[in-house]
Amino acid sequence: MKTLLVDVAGHRYPIRIGQGTHQLLPQLLTENGIGKERMLMLISDSHVAPLYGLPMQASLQAAGYQVGLSVIPPGEESKKLSVVEQVIGDCLRFGLDRSSLVLALGGGVVGDLAGFVAATYMRGIPFIQLPTTLLAHDSSVGGKVGVNHALGKNFIGAFHQPLMVVFDVDVLASLPAREVVSGLAEVAKHALIWDVSFVEWLEAHAEALLALDPERMTEAIYRGCEIKSAIVSQDEKELGIRAILNYGHTIGHALEAVSAYQRYTHGEAIAIGMAGAARLSVRLLGAPEMLVHRTEQLLHRLRLPIRYTEDWPQQALLDAMKKDKKVRGGHYAFVLAKQLGQVELVRGIAEDQITQVLKEIHA
Ligand SMILES: NC(=O)c1ccc[n+]([C@@H]2O[C@H](COP(=O)([O-])OP(=O)(O)OC[C@H]3O[C@@H](n4cnc5c(N)ncnc54)[C@H](O)[C@@H]3O)[C@@H](O)[C@H]2O)c1
Ligand SMILES: [Zn+2]
């Protein structure tokens, strides 16, 4: 088991990553001074709860904890206020009080929603994150929790840092392969924006990661979390450097929006977006051509797409990009790379540069 200490906004918490870590949960709770008198509410979705939630509830109960279970339907559709209200109803009926804890067991959807429940229940109670998707390594650092509004994703939320994160790489075995690959896109992003040696490491171990090799997976999650934590700890509220975490996301979000989130997973969309951002970086920042090659090679080895194939009108993609939260005053803004491992936010980008790149990444 590897442990990373995250330090954000004066709040320090450990991320424990490894094989079989879920089984250590009762012990980890005790070690962290969480006594049996404190009630626990396990929040999960209906895919994850039967696989890992029920055994976890049983093992915590056997250790002497009182544990409630609240199960939400799977998928992004559940990330909304009405589901928050239902879960809070479960918490109230179970008798959760201000000294209780929320355990968020699931992917990014459960993490965001359960974290938001914890942030708001009785004005805020602590929570522990138990990510079960690779993508959720991303949401386990930074303290962003929240739900969607009919008018847009993640418009309702808070910053609420977890008490600890316990990542068990064994649970990735039941994750659909496409979700594993999608999660690798955010890992690749962390490498591409920050650390050339991590890019090289990912290239070397791509096959092992796709095969869910537990040691390599532990290392990849550790380094991904470490990079995100280095960035977020400098900028908890996203006023400056944190924006670089949106590398690949301007085009990525547009691809997701244009297809109503049906065609690409988030990771697939940002992989295509990173291929586009690398190309734009060569045009606008004079980054070396090699940047495009290395970016696309890494994504390709991780079985991620680097081209979009649909004949969506360019204007629809541009309009979606204009809605991106980085856009100020109608000008396009992109996170671009000066070179591999070094990126910055660039504003005021001309539309024709973007349309050229959209052509290049269209197959
Ligand atoms: N808060 C943040 O900083 C942050 C960062 C990145 C993403 N997010 C959010 O994360 C969400 C996406 O997360 P996600 O990709 O993990 O999606 P998800 O939570 O919907 O999980 C994907 C699917 O896999 C299933 N699943 C999860 N773990 C499983 C397992 N171990 N075995 C079998 N099935 C499993 C889920 O039930 C679901 O059907 C988005 O809502 C996004 O906004 C938040
Ligand atoms: Zn993302």
Side-chain angles (χ1 to χ4, degrees), residues 184-204 206 224 227 231 240-256 258 264 266-322 324-328 330-363:
L184 284 169
E186 296 281 5
V187 178
K189 179 198 77 182
H190 288 131
L192 290 165
I193 64 174
W194 201 255
D195 185 351
V196 180
S197 73
F198 189 28
V199 173
E200 284 160 4
W201 186 92
L202 286 173
E203 279 172 353
I227 292 168
I231 295 166
I241 187 177
R242 191 169 179 161
I244 68 171
L245 292 166
N246 289 312
Y247 190 57
H249 281 58
T250 311
I251 292 176
H253 282 155
L255 293 172
E256 289 184 288
V258 163
Y264 295 108
H266 180 66
E268 290 164 355
I270 68 157
I272 300 166
M274 289 190 282
R279 285 164 184 274
L280 204 52
S281 303
V282 173
R283 286 173 174 272
L284 296 175
L285 295 189
E289 278 288 343
M290 193 51 120
L291 173 75
V292 173
H293 172 70
R294 291 291 297 279
T295 301
E296 295 191 344
Q297 175 175 283
L298 173 62
L299 298 172
H300 184 69
R301 284 199 186 161
L302 296 172
R303 309 260 198 285
L304 282 156
I306 48 180
R307 301 285 180 270
Y308 72 99
T309 49
E310 294 70 20
D311 289 318
W312 293 318
Q314 280 207 342
Q315 196 53 49
L317 287 165
L318 291 169
D319 288 346
M321 274 178 232
K322 278 193 195 131
D324 193 273
K325 63 185 168 191
K326 290 184 299 305
V327 175
R328 306 237 168 91
H331 291 293
Y332 296 91
F334 270 75
V335 179
L336 298 179
K338 283 185 133 161
Q339 55 186 339
L340 202 61
Q342 197 189 333
V343 296
E344 60 187 56
L345 181 63
V346 180
R347 295 190 189 282
I349 298 176
E351 195 164 283
D352 64 323
Q353 297 284 351
I354 301 170
T355 50
Q356 286 304 320
V357 164
L358 286 177
K359 277 184 205 145
E360 288 176 26
I361 59 167
H362 183 255

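Note that the numbering runs from 1 along the sequence shown for the chain.
- Side-chain atoms of Ile251 and Phe334, non-hydrogen and from C-beta on, do get closer than 4.5 Å to each other.
- Judged by distance alone, with hydrogens and angles left aside, the side-chain atoms of His293 form no donor-acceptor pair with the main-chain N or O of Glu289 at under 3.5 Å.
- Nearest heavy-atom pair, Gln339 versus Leu291, reported as atom, atom and distance to 0.1 Å: C-CD1, 4.0 Å.
- The distance between the ring centers of His266 and His249 falls below 6.0 angstrom.
- Ion pairing of Glu360 with Arg283 is present here, as a side-chain N (NZ or NE/NH1/NH2) and a carboxylate O approach within less than 4.0 Å.
- Inter-residue side-chain proximity for Asp195 and Ile227 is flagged as met; some heavy-atom pair is nearer than 4.5 Å.
- Of all heavy-atom pairs between Leu302 and Ala206, the closest is CD2-CB, 3.8 Å.
- Exactly one of Glu351, Arg347, Gln353 qualifies for a side-chain contact (heavy atoms from CB on, under 4.5 Å) with Tyr332. That residue is Glu351.
- A donor-acceptor pair under 3.5 Å is absent between the side-chain atoms of Lys338 and the main chain of Glu344, judged by distance alone.
- Here CD of Gln314 is found 8.5 Å from CE of Met321. Values are rounded to the nearest 0.5 Å.
- Listed here is the closest heavy atom pair of Ala333 and Thr250: O-OG1, 3.7 Å.
- Interatomic distance, Ile193 CD1 to Met274 CE, rounded to the nearest 0.5 Å: 9.5 Å.
- One finds the CE atom of Met290 at 11.0 Å from the OG1 atom of Thr295 (value rounded to the nearest 0.5 Å).
- Of the charged side-chain nitrogens involved, at least one lies within less than 4.0 Å of a carboxylate oxygen, so that Glu296 and Arg307 count as a salt-bridged pair.
- Here the closest heavy-atom approach between residue Leu299 and residue Ala275 is recorded as CD1-N, 4.4 Å.
- Interatomic distance, Ile244 CD1 to Lys189 NZ, rounded to the nearest 0.5 Å: 9.0 Å.
- Counting heavy atoms from C-beta outward, Glu268 and Arg303 have side chains that stay 4.5 Å or more apart.
- Using modelled atom types, no side-chain atom of His300 and backbone atom of Pro305 make a donor-acceptor pair closer than 3.5 Å.
- In terms of heavy atoms, Phe198 sits closest to Ala191 at CD2-CB, 3.4 Å.
- With 3.5 Å as the limit, one finds a donor-acceptor pair spanning the side chains of Gln315 and Asp319.
- A donor-acceptor contact closer than 3.5 angstrom is absent between the side chains of Tyr264 and Glu256.
- Rounding to the nearest 0.5 Å gives a distance of 6.0 Å between OH of Tyr247 and CG of Leu192.
- Using a 4.5 Å cut-off on side-chain heavy atoms (C-beta onward), Val282 and Val292 make contact.
- A pairwise comparison of heavy atoms in Ala337 and Ser281 identifies N-OG, 2.9 Å as the closest pair.
- A distance of 11.5 Å separates CD1 in Ile361 from OG1 in Thr309, rounded to the nearest 0.5 Å.
- Screening Leu280, Val343, Leu345 against Leu336 for a side-chain contact (heavy atoms from CB on, under 4.5 Å) leaves a single residue, Leu280.
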